[in-house]
Amino acid sequence: SLPSQLPPEDQPIVAEAVGISVNFKSAILMPAATEVRKSMEYAVEDCYANGDRDVATVQAQMAQARDRTMRALFGGR
């Protein structure tokens, strides 16, 4: 049956999700990948906690977190 014909408790809902994937070619760097992923997760959680679900904003915050963690782990500007 169509969603409009379903009872209220069976109506479809929209579920939000953010996918994060961090990969390094070297197995030696896999612990770093975990740290980078965690920093990106925290950035997403922070955005959602502040009520900011704008895709561009969340992506920008994730990228900043990734860059900041990469610099902390491996140096650089």
Side-chain angles (χ1 to χ4, degrees):
S1 63
L2 297 173
S4 60
Q5 298 171 331
L6 295 174
E9 65 273 4
D10 293 335
Q11 290 289 322
I13 59 169
V14 175
E16 295 184 37
V18 176
I20 300 172
S21 177
V22 179
N23 299 295
F24 289 102
K25 291 181 181 181
S26 171
I28 295 171
L29 296 176
M30 289 315 292
T34 300
E35 292 304 313
V36 173
R37 182 185 41 97
K38 283 181 186 178
S39 71
M40 294 169 73
E41 288 174 1
Y42 294 143
V44 172
E45 290 171 358
D46 189 50
C47 286
Y48 274 61
N50 293 326
D52 194 352
R53 289 177 162 86
D54 176 63
V55 173
T57 302
V58 173
Q59 288 176 336
Q61 293 298 315
M62 288 172 59
Q64 288 177 2
R66 179 194 62 226
D67 294 344
R68 188 171 44 250
T69 305
M70 294 290 284
R71 282 192 306 274
L73 292 171
F74 303 113
R77 296 194 274 157

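Linking Ile, Leu, Val, Met, Phe, Trp and Tyr whenever their side-chain heavy atoms come within less than 4.5 Å puts V22 and F74 in one cluster. With hydrophobic clusters built from ILVMFWY side chains whose heavy atoms lie under 4.5 angstrom apart, I20 does not share a cluster with M30.
The stretch residues 8-18 participates, sequence neighbours left out, in these salt bridge (Lys or Arg N to Asp or Glu O under 4.0 Å) pairs: E16-R53. Residue pairs meeting the salt bridge (Lys or Arg N to Asp or Glu O under 4.0 Å) criterion with at least one partner in residues 20-43, sequence neighbours excluded, are E35-K38, R37-E41.
Shown here for D54 and D52, the closest heavy-atom pair between the two residues is N-OD1, 3.3 Å. Shortest non-hydrogen contact noted between R66 and V36 is CG-CG1, 3.7 Å. Shown here for Y48 and V18, the closest heavy-atom pair between the two residues is OH-CG2, 3.9 Å. When every heavy atom of G19 is checked against every heavy atom of M62, the shortest pair comes out as O-CE, 4.2 Å.
Applying the side-chain hydrogen bond (donor to acceptor under 3.5 Å, both in side chains) criterion to T34, with sequence neighbours excluded, gives no partner residue.
Between the side chain of N50 and the backbone N or O of D46 there is at least one donor-acceptor pair closer than 3.5 Å. With hydrogens and angles disregarded, a donor-acceptor distance shorter than 3.5 Å links the side chain of Q11 to the backbone of L6.
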